[in-house]
Amino acid sequence: MNIADLRDSSGLSNRSYDLNTRYKRTGNFKDLEEAVRSGKEAVRTPGDNHPHRATHLNNLGMALISRYRATWNPEDLEEAICSMQQPVKNSSNNIYGQSDYFSNLGNILHTKYEKTRNFKDLEEAVRNVQKAVQTSGDNHPHRATHLNNLAVALLSKYGITGNAEDLEGGICSMRQAVKKSSTYDPGHAILTSNMSRALSSKYDRMGNLEDLEDAIRNSKEAVNATQHDHPHRVSQLRQLSGLLKLSSEKTGNLEVLKDASHNLQEA
């Protein structure tokens, strides 16, 4: 293996990561297709002995899972899991990247659970994202993502078990994730949207209007952080409209109902 091969594969993998990140911000599917192509070429080019192969496999897995969520092609899901399992098994010498690998694998296994409804997939997802949080310090640049993945997995588990500890654990992790994120981060809209859903679930269980108002505040923040032409904006506007309508029904505030109708019309 020569230096040129090493540089080319790393460049391709970085390109895959950057394009996948841009796709999440813009929703441009061409960026995602190119991210997958670059990721596969990065893994194929140097072979098994590249010092950054774990990172390349991780980037490919993340591009594949993004494409799976866009197309629902089961082959992308299985290939993503296969790509992500290898970095986790071989990350003992990369403490810094280890938490990312655990988090990403957990996230993908949670996605698989959403397809299969196999509780074992969900339990394995929770275990991996818990390891991700445990192995990342407070200053890790991706800690907000790890906390978000843990929160989402715990809330899914709560939906099955009804265990209040899973609900509270999910909300606690989500709050930490939002605090770690700034409004300029590409993933901030997702974090605040997930926070809103978690608080809405707590309101459904406890009936505390403060939780509902907090859910509305986070939902508004998610809408404001999402570009007008992003494909997720419609679902976020509908989510906000539903929460505002519920608030109007509980409080009798007609202005809130008007705000709900405005958001629904924009959606």
**Q** Return the minimal non-hydrogen interatomic distance between Y23 and N28, and the atom names on each side.
**A** CD1-O, 3.2 Å
**Q** For the backbone of G162 and the side chain of R205, can you confirm whether one donor and one acceptor N or O come within less than 3.5 Å of each other?
**A** yes
**Q** Check for me, please, whether I216 and V178 land in the same ILVMFWY cluster - side-chain distances under 4.5 Å, paths through other members count.
**A** no
**Q** Kindly indicate whether the side chain of F29, heavy atoms from C-beta on, has any atom under 4.5 Å from the side chain of T71.
**A** yes
**Q** Considering only heavy atoms from C-beta outward, does the side chain of F119 approach that of T161 to under 4.5 Å?
**A** yes
**Q** What's the shortest heavy-atom distance between A222 and A189, and which atoms?
**A** CB-O, 3.5 Å
**Q** Please examine the side chains of T111 and R69, heavy atoms only from C-beta on, and report whether any two atoms are closer than 4.5 Å.
**A** yes
**Q** State, with a plain yes or no, whether a side-chain heavy atom of R233 is found less than 4.5 Å away from one of H228.
**A** yes
**Q** Are Y68 and M62 co-members of a hydrophobic cluster defined by side-chain heavy atoms under 4.5 Å apart?
**A** yes
**Q** As an exercise, state the distance from NE2 of H56 to CG of L12, rounded to the nearest 0.5 Å.
**A** 8.5 Å
**Q** If every non-hydrogen atom of V129 is compared with every non-hydrogen atom of A153, which pair is closest and at what distance?
**A** CG2-CB, 4.3 Å
**Q** Determine whether H142 and S103 make a side-chain contact, defined as any pair of heavy atoms from C-beta on separated by less than 4.5 Å.
**A** no
**Q** Working to the nearest 0.5 Å, report the span between CG of N128 and CG of N104.
**A** 10.5 Å
**Q** Mind checking the CZ-CE spacing from F102 to M84? Nearest 0.5 Å is all I need.
**A** 10.0 Å
**Q** Using modelled atom types only, decide if a donor and an acceptor are shared between the side chain of H230 and the backbone of K24 within a distance under 3.5 Å.
**A** yes
**Q** Would the number of heavy atoms belonging to other residues, nucleotides or ligands and lying under 6.0 Å from CD of E210 be above 12?
**A** no
**Q** Could you see if M195 belongs to whatever hydrophobic cluster contains I190? Use Ile, Leu, Val, Met, Phe, Trp, Tyr and a side-chain cutoff under 4.5 Å.
**A** no
**Q** Does the side chain of E213 come under 3.5 Å of the side chain of S247 through a donor N or O and an acceptor N or O?
**A** yes
**Q** Which class fits the ring pair H110 and Y113: parallel under 30°, tilted 30 to 60°, perpendicular over 60°?
**A** tilted
**Q** Linking I/L/V/M/F/W/Y whenever their side-chain heavy atoms sit closer than 4.5 Å, directly or via other members, would V152 and V133 fall into one cluster?
**A** no
**Q** Any chance the side chains of N58 and D100 put a donor and an acceptor closer than 3.5 Å?
**A** no
**Q** Any ion pair linking R44 and E41 (charged N to carboxylate O, less than 4.0 Å)?
**A** yes
**Q** Is R22 atom CZ crowded by more than 12 heavy atoms from other residues, nucleotides or ligands, each under 6.0 Å away?
**A** no
**Q** Should L150 and Q130 count as side-chain neighbours, where that means a heavy-atom distance under 4.5 Å?
**A** yes
**Q** Compare all side-chain heavy atoms of D31 with those of E34 and state whether any distance is below 4.5 angstrom.
**A** no
**Q** Is it true that, when you exclude N139 itself, more than 12 heavy atoms of the residues, nucleotides or ligands shown sit nearer than 6.0 Å to its CG?
**A** no
**Q** Please determine, by modelled atom types, if S16 and N59 share a side-chain donor-acceptor pair under 3.5 angstrom.
**A** no
**Q** According to a hydrophobic-cluster definition based on side-chain heavy atoms being under 4.5 Å apart (Ile, Leu, Val, Met, Phe, Trp, Tyr only), do I65 and I81 belong together?
**A** yes
**Q** Would you compute the distance between atom NZ of K245 and atom OG of S241 and round it to the nearest 0.5 angstrom?
**A** 7.5 Å
**Q** Any donor-acceptor pair under 3.5 Å linking the side-chain atoms of H232 with those of T226?
**A** no
**Q** Would you say S9's side chain and A42's backbone share a donor-acceptor pair under 3.5 angstrom?
**A** no
**Q** Is the number of heavy atoms from other residues, nucleotides or ligands under 6.0 Å of Y17 OH greater than 12?
**A** no
**Q** With rounding to the nearest 0.5 angstrom, report the CG to OG distance, L243 to S219.
**A** 5.5 Å
**Q** L212 and Y203: which non-hydrogen atoms are nearest, and at how many Å?
**A** CB-CD1, 3.8 Å
**Q** Tell me the closest heavy-atom pair linking G170 and L154, and the distance in Å.
**A** N-CD1, 3.8 Å
**Q** Using modelled atom types and a 3.5 Å cut-off, is there a donor and acceptor pairing between side-chain atoms of N218 and backbone atoms of D214?
**A** yes
**Q** Could you tell me whether the side chain of K180 and the main chain of D138 form a donor-acceptor pair under 3.5 Å?
**A** yes
**Q** Between G137 and R143, what is the shortest heavy-atom contact and its length?
**A** O-CD, 3.2 Å
**Q** For the atom pair CD (E79) and CD1 (I108), what is the distance rounded to the nearest 0.5 Å?
**A** 11.0 Å
**Q** Would you say the side-chain atoms of N148 pair up with the backbone N or O of A144, donor to acceptor, closer than 3.5 Å?
**A** no
**Q** Before giving the answer on side-chain contact (heavy atoms from CB on, under 4.5 Å), spell out for Y101 and T55 the whole-Å C-alpha distance, their side-chain angles and the decisive distance to 0.1 Å.
**A** CA-CA 9 Å; Y101 304 151; T55 299; 3.1 Å; yes
**Q** Quick one about R197 and S201 (side-chain donor to acceptor, distance below 3.5 Å, no hydrogens or angles considered), yes or no?
**A** no
**Q** Please examine the side chains of K202 and E168, heavy atoms only from C-beta on, and report whether any two atoms are closer than 4.5 Å.
**A** yes
**Q** Tell me, yes or no, whether the heavy-atom count around E75 atom CD, taken from other residues, nucleotides or ligands under 6.0 Å, exceeds 12.
**A** no
